[in-house]
Number of protein chains: 2
Amino acid sequence: MSKKYSIDKIFKALADANRREIFHLLVVATSALSLTQITAEFDISRQGITKHIKLMEDAGLIQTHNKGRERFCEVDPTPLNEIKDWLAVYDKFWDDKLKSLGDFLDKKA
Amino acid sequence: MSKKYSIDKIFKALADANRREIFHLLVVATSALSLTQITAEFDISRQGITKHIKLMEDAGLIQTHNKGRERFCEVDPTPLNEIKDWLAVYDKFWDDKLKSLGDFLDKKA
DNA sequence: TATATTTGCAACCATATAGTTGCGTATAAA
DNA sequence: TTTATACGCAACTATATGGTTGCAAATATA
């Protein structure tokens, strides 16, 4: 089970409020949205949106497909698992640490 | 319960392999580490490390204190909760969606 | 066919990032 | 007191980021 996406790119993609809003918009949308539709929800230009989409696509968070002259975007939450896995390592570490502290205290008692 | 740390800064702090390694080093360390001690583990200069530490300190992921001529760093995992909270929103969203799909199918059956 | 819409590409700008080096200063050790 | 260590500050470089505009091409509509 090799890592499909770069965790650097995933963290970077999420480290921007506009991109997180785009992500949110695509999550709650009932269907794929075109670049123009997404642009309509923001104060930045279409090219700005395009760049954000590109970055998120490279991170695996968004998938796109062309239909006619339009380009539709939809969200793919899979890469979020990389972040969850990264976090889980430390949760486990601190959990184990607490447990061994408990064992230590039990022995003393 | 207001958000103490900027989620932008937290994501940004973690979006760099060197910084994640510094974080890891400080997690597994049994005590606080000085800048020189941290620098010894990396291929970049002390000033480079200093800059990374600053960024992580601004994100709340590291706390520092001076002792004599040395500056000690230790990790603070609290800001990771901001990320967990952010992720949880979407977990809940998709969970609810699945549940209502289940309800829908139950009614049809 | 002529016009309007959606997009991509390229150039550009300002600022941030990731890194360096040099130097001065404070603290500790000889 | 002299020397060595740990650090901060400032300047500098190269590249990335977040944004813009203008223009051309493809597709849809009148």
Side-chain angles (χ1 to χ4, degrees), chain A residues 5-26 29 31-75 79 83, chain B residues 5-26 29 31-75 79 83:
Chain A
Y5 306 106
S6 144
I7 193 154
D8 268 79
K9 288 187 179 178
I10 301 166
F11 270 125
K12 215 162 275 178
L14 297 173
D16 179 274
N18 277 329
R19 283 195 292 269
R20 286 196 306 279
E21 277 191 55
I22 292 174
F23 183 88
H24 188 86
L25 180 65
L26 290 176
S31 64
L33 298 180
S34 73
L35 289 180
T36 307
Q37 286 175 313
I38 296 170
T39 301
E41 304 293 321
F42 293 86
D43 285 334
I44 57 183
S45 69
R46 178 181 52 86
Q47 285 308 319
I49 297 289
T50 296
K51 285 195 179 184
H52 284 307
I53 298 285
K54 177 86 169 62
L55 223 141
M56 300 176 82
E57 207 177 355
D58 286 348
L61 287 163
I62 283 183
Q63 287 175 2
T64 68
H65 60 274
N66 299 325
K67 189 176 177 184
R69 66 186 164 187
E70 286 171 297
R71 179 170 206 200
F72 288 97
C73 309
E74 50 197 323
V75 94
I83 294 186
Chain B
Y5 306 107
S6 144
I7 194 155
D8 268 78
K9 287 187 179 178
I10 302 166
F11 270 125
K12 217 162 272 179
L14 297 174
D16 178 274
N18 278 329
R19 284 195 291 270
R20 286 196 307 277
E21 277 192 55
I22 292 174
F23 183 88
H24 189 85
L25 180 65
L26 291 174
S31 64
L33 298 181
S34 73
L35 288 181
T36 307
Q37 287 175 314
I38 296 170
T39 302
E41 304 293 321
F42 293 86
D43 284 334
I44 57 182
S45 71
R46 178 181 51 87
Q47 285 307 319
I49 296 290
T50 297
K51 286 195 179 182
H52 283 308
I53 297 286
K54 176 87 171 60
L55 223 141
M56 299 175 82
E57 207 177 355
D58 287 347
L61 287 164
I62 283 183
Q63 287 175 4
T64 68
H65 60 275
N66 299 326
K67 189 177 180 187
R69 64 185 163 185
E70 287 171 298
R71 179 169 208 199
F72 288 97
C73 309
E74 50 197 324
V75 94
I83 294 186

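In what follows, every chain begins at residue 1, and chains take the letters A, B, ... in the order their sequences are listed.
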Worksheet entry | Given DNA chain C, 5'-ward residue of the pair E70(A) and A15(B), judged by closest heavy atom | E70(A)
Value in whole Å for how far the [atom2] atom of [N] lies from [atom1] of [X]:
| X | N | atom1 | atom2 | answer |
| --- | --- | --- | --- | --- |
| N18(A) | dT17(D) | CG | C1' | 12 Å |
| I38(A) | dT5(C) | CD1 | C1' | 17 Å |
| F42(B) | dT20(C) | CZ | P | 13 Å |
| K67(A) | dA26(D) | NZ | C1' | 17 Å |
| I44(A) | dA14(C) | CD1 | P | 19 Å |
| D43(B) | dA18(C) | CG | C1' | 14 Å |
| R71(A) | dT5(C) | CZ | C1' | 17 Å |
| H65(B) | dA6(D) | NE2 | C1' | 15 Å |

Enter the distance from [X]:[atom1] to [Y]:[atom2] here, rounded to the nearest 0.5 Å.
| X | Y | atom1 | atom2 | result |
| --- | --- | --- | --- | --- |
| I53(B) | D58(B) | CD1 | CG | 11.5 Å |
| I49(A) | L35(A) | CD1 | CG | 8.5 Å |
| L26(A) | Q37(A) | CG | CD | 10.0 Å |

Fill in: Shortest side-chain distance from D16(B), nucleotide among dG8(D), dT7(C), dA18(C)
dA18(C)
Worksheet item: Looking at the side chain of L55(A), which of dT6(C), dG18(D), dG19(D) is the nearest nucleotide?
Response: dG18(D)
Discussion item. Less than 4.0 angstrom between a side-chain N/O of S45(B) and OP1 or OP2 of dT20(C), yes or no?
Written reply: yes
Worksheet item: Looking at H52(B), does any N or O in its side chain come under 4.0 Å of the phosphate oxygens OP1/OP2 on dT17(C)?
Response: no
Could you check whether [X] gets within reach of a base, just the sugar-phosphate, or nothing at all, counting any heavy atom under 4.0 Å?
| X | answer |
| --- | --- |
| K12(B) | sugar-phosphate |
| G48(B) | base |
| N66(B) | nothing |

Between the base of [N] and the side chain of [X], is one N or O donor paired with an acceptor at under 3.5 angstrom?
| X | N | value |
| --- | --- | --- |
| Q47(B) | dG8(D) | yes |
| R46(B) | dG8(D) | yes |
| R69(A) | dT27(D) | yes |

Worksheet item: If each of K51(B) and S34(B) is mapped to the nucleotide of DNA chain D with the nearest heavy atom, which maps nearer the 5' terminus, i.e. the 5' end?
Response: S34(B)
Worksheet item: L33(B) versus E41(B): any side-chain heavy-atom pair under 4.5 Å?
Response: no
Worksheet item: Should the ring pair F72(B) and H65(B) be called parallel, tilted or perpendicular, given that the plane angle runs from 0 to 90° and is split at 30 and 60?
Response: parallel
